[in-house]
Amino acid sequence: KNVLNRPKFTFSRARIGGLINKIRDDGVSVLASPCDILFTDNDDKMFYEVALECGAFLVTGNLRHFPNAPFILSAAQFLSRI
């Protein structure tokens, strides 16, 4: 929610709220296994661990914050795959 509210994005509060509600309603809680990879921003590590645990894509605007892995994609790369 904090990231989506950053000035560089132009999402309305209503759209952000709708997305957050959708995630709460349809999301699945995951208890991921910890990994031994070091991250420059430790807050990013949990997203990596969850994607790895679930076999899911991790879509990010900061590819450089993550290890090079085929499941880590920019938004443009993700959209081209789906």
Side-chain angles (χ1 to χ4, degrees):
K1 185 175 179 179
N2 290 338
V3 170
L4 295 174
N5 276 302
R6 289 180 182 165
K8 71 178 181 177
F9 300 116
T10 58
F11 304 122
S12 69
R13 289 186 190 266
R15 284 193 67 130
I16 294 169
L19 175 62
I20 298 299
N21 288 337
K22 181 77 172 156
I23 291 170
R24 283 187 184 132
D25 292 345
D26 298 340
V28 177
S29 182
V30 174
L31 181 59
S33 301
C35 69
D36 294 333
I37 297 172
L38 297 176
F39 283 74
T40 52
D41 184 348
N42 225 30
D43 290 341
D44 291 332
K45 188 174 183 178
M46 67 180 149
F47 299 108
Y48 177 85
E49 291 169 340
V50 168
L52 191 61
E53 184 80 23
C54 297
F57 289 116
L58 190 161
V59 181
T60 179
N62 293 312
L63 289 171
R64 68 185 186 282
H65 287 186
F66 294 92
N68 186 16
F71 65 93
I72 302 173
L73 306 171
S74 69
Q77 291 169 324
F78 178 72
L79 289 173
S80 73
R81 288 200 181 191
I82 60 166

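Numbers for residues simply follow the sequence, beginning at 1. Since the model is a prediction, treat every value here as computed from it, not as a measurement.
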Steps toward side-chain contact (heavy atoms from CB on, under 4.5 Å) verdict (Lys1, Ile16): CA-CA 7 Å; Lys1 185 175 179 179; Ile16 294 169; 4.2 Å; yes
CA sep, side-chain torsions, deciding dist, call: Leu19, Arg15, side-chain contact (heavy atoms from CB on, under 4.5 Å): CA-CA 6 Å; Leu19 175 62; Arg15 284 193 67 130; over 6 Å; no
Worked check of side-chain contact (heavy atoms from CB on, under 4.5 Å) between Leu4 and Arg6: CA-CA 6 Å; Leu4 295 174; Arg6 289 180 182 165; over 6 Å; no
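Between Cys54 and Val30 the shortest heavy-atom distance is SG-CG2, 3.5 Å. Taking all atoms of both residues into account, the shortest heavy-atom contact from Asn62 to Thr60 is N-OG1, 2.9 Å.
The hydrophobic clustering, which links ILVMFWY residues whose side-chain heavy atoms are closer than 4.5 Å, places Ile23 and Phe57 apart.
Taking OG from Ser12 and CG from Asn5, the interatomic distance works out to 10.0 Å, rounded to the nearest 0.5 Å. How far CG of Asp25 is from NZ of Lys22: 7.5 Å, rounded to the nearest 0.5 Å. Rounding to the nearest 0.5 angstrom, the gap separating the CZ atom in Phe78 from the CD1 atom in Ile72 is 14.0 Å.
Ring geometry for Phe66 versus Tyr48: interplanar angle under 30°, hence parallel rather than tilted (30 to 60°).
Lys45 places no side-chain N or O within donor-acceptor distance of the main-chain N or O of Pro34, the cut-off being under 3.5 Å.
By the 6.0 Å contact criterion, CG on Asn68 is open, its count of non-hydrogen atoms from other residues, nucleotides or ligands being 12 or less. Residue Leu79 qualifies as enclosed at atom CG: its count of foreign heavy atoms under 6.0 Å is above 12. Counting heavy atoms of neighbouring residues, nucleotides and ligands inside a 6.0 Å radius, atom CZ of Phe39 exceeds 12 of them.
Asp44 and His65 form a side-chain donor-acceptor contact under 3.5 Å, judged by distance and modelled atom types alone.
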